[in-house]
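For reference, the structure discussed in these notes is given below.
Bear in mind the structure is a predicted one, so any value in this text is a computation, not a measurement. One-based numbering, in listed order, for ligands and for the atoms of each.
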Amino acid sequence: MANQPRIISVANRKGGVGKSIVSIILAVALARHKKKKVLILDCDSQGSITEMYNNEVEMMGADYQPAIEVEEITARKVQSFIKRFGGDYDVIFIDIPRMTDSKKDNATVMLLYNCDSILMPVVGNEVDVLSSVDFLRIVEEAAEFKQEIGEELHYYGFINRRNQRKNNELAEEAMKEQGLKMFKNSLSDLKIYTLPSFFTSIMETAEGQRRLEDFFYEFCRKYKF
Ligand SMILES: Nc1ncnc2c1ncn2[C@@H]1O[C@H](COP(=O)(O)OP(=O)(O)OP(=O)(O)O)[C@@H](O)[C@H]1O
Ligand SMILES: [Mg+2]
């Protein structure tokens with residue numbers, strides 16, 4: 001392979017915690033501010049990222065170039081895709097679907113074994129914390145396996161949609177107690193995050209810069225970009 005791409009998944013068990021949205025935000029920011037060639041592999045058969053991407057590409061027209069690429073793919077084809085085309089990219093994000101039962105969702109779990117980095121969005125309510133703990137155990141198993149074969153898996157959590165302070169603090173403490181290293185910065189529940197562009201980064205506006213910069217640069221430091 002010409003180039004060894006970094007492979008990252010913004011991942012957790014549950015739906016609606018921000019896996020896809022945060023993947024797009026970070027992927028586009030890495031492309032625009034760190035000059036990385038970035039691909040998102042959309043493994044969610046609902047294909048929400050692909051649909052958003054196609055809509056925006058069509059809306060922008062042929063004169064404009066998206067900052068990143070998106071490829072819709074089934075989970076079982078990911079490994080061979082990366083072997084074949086991974087060298088064309090600096091960074092590949094794998095967008096995983098929500099998991100109904102971690103013991104049965106083997107194809108999704110296996111996607112994590114392709115990654116060198118995982119970033120876990122944690123939403124601050126009791127049910128989500130329980131499922132985050134469950135997911136953390138899966139990540140720890142993947143990390144142990146990778147260690148045995150001489151590879152490292154970097155993983156951190158962060159609080160997404162920080163709104164109710166008390167719940168967020170409890171969730172953060174609970175995850176730390178379970179052994180998850182948490183980001184100092186979190187993402188608030190804000191409109192600017194709901195529909196990120198595939199062409200320009202959120203930090204290209206003053207409001208966006210103020211809201212994302214600290215989080216993005218903490219991400220870059222922790223994952224060595
Ligand atoms: N920090 C945030 N502020 C505001 N809205 C957010 C934030 N994070 C996520 N959302 C919104 O929450 C919804 C769910 O986010 P997203 O689709 O990224 O979740 P997901 O974990 O990928 O879910 P699924 O498992 O269904 O794919 C989206 O409408 C998204 O725009
Ligand atoms: Mg998603």
Which heavy atom of the protein is the closest neighbour of [atom], given with residue, atom name and distance?
atom                    : answer
atom 8 (N) of ligand 1  : Asn160 ND2, 3.0 Å
atom 31 (O) of ligand 1 : Thr194 O, 3.1 Å
atom 25 (O) of ligand 1 : Lys19 NZ, 2.6 Å
atom 19 (O) of ligand 1 : Gly18 N, 3.1 Å
atom 27 (O) of ligand 1 : Asp44 OD2, 3.5 Å
atom 14 (C) of ligand 1 : Gly16 CA, 3.8 Å
atom 18 (O) of ligand 1 : Ile21 N, 2.8 Å
atom 26 (O) of ligand 1 : Arg98 NH2, 2.5 Å

Inset, instruction - Could you tell me whether any N, O or S atom belonging to Ser48 is less than 2.8 Å from the Mg ion (ligand 2)? - result: no
Inset, instruction - Could you walk me through whether Tyr156 and Tyr223 pass ring pair (Phe, Tyr, Trp, His ring centres under 6.0 Å), step by step? - result: CA-CA 9 Å; Tyr156 294 89; Tyr223 292 94; 5.3 Å; yes
Check: [X] N/O within less than 3.5 Å of ligand 1 N/O:
X      : result
Pro97  : no
Leu195 : no
Val17  : yes

Legend entry - More than 12 heavy atoms of other groups within 6.0 Å of Glu151 CD: yes
Legend entry - Exceeds 12 heavy-atom contacts within 6.0 angstrom, atom CD of Gln209: yes
Inset, instruction - Please find out if less than 6.0 Å separates the ring center of Tyr64 from that of Phe199. - result: no
Inset, instruction - Would you indicate which of Lys14, Arg161, Arg211 comes nearest to atom 6 (C) of ligand 1 when only heavy atoms are counted? - result: Arg161
Inset, instruction - Counting heavy atoms only, name the option from Pro196, Ser188, Ser20 that's nearest to atom 22 (O) of ligand 1. - result: Ser20
Legend entry - hydrophobic_cluster_shared for Ile24 and Ile118, side chain cutoff 4.5 Å: no
Inset, instruction - Verify the cluster assignment for Val122 and Leu187: are they in a single hydrophobic cluster under the rule of side-chain heavy atoms below 4.5 Å apart? - result: no
Inset, instruction - Using the test side chain to side chain contact (heavy atoms under 4.5 Å, CB included), find all partners of Arg162 that sit at least two apart in sequence or belong to another chain. - result: Ile159, Asn168, Glu172, Ser186
Legend entry - Row check, Phe225 ring normal vs Lys34 NZ/CZ: under 6.0 Å, within 45°: no
Legend entry - Ring-face cation contact, Tyr113 with Lys146, 6.0 Å cut, 45° max: no
Inset, instruction - Can you confirm whether something in the protein, heavy atoms only, sits under 4.0 Å from atom 3 (N) of ligand 1? - result: yes
Could you list the atoms of ligand 1 found under 4.0 angstrom from a heavy atom of [X]?
X      : value
Leu190 : 3 (N), 4 (C)
Asp189 : 3 (N), 4 (C), 5 (N)
Tyr193 : 1 (N), 2 (C), 3 (N)

Inset, instruction - Answer yes when Lys184 and Glu218 have at least one side-chain N-carboxylate O distance shorter than 4.0 Å, and no when they do not. - result: no
Inset, instruction - Give the intermediate values and the outcome of salt bridge (Lys or Arg N to Asp or Glu O under 4.0 Å) for residues Arg210 and Glu207. - result: CA-CA 5 Å; Arg210 194 160 55 79; Glu207 143 101 2; 3.4 Å; yes
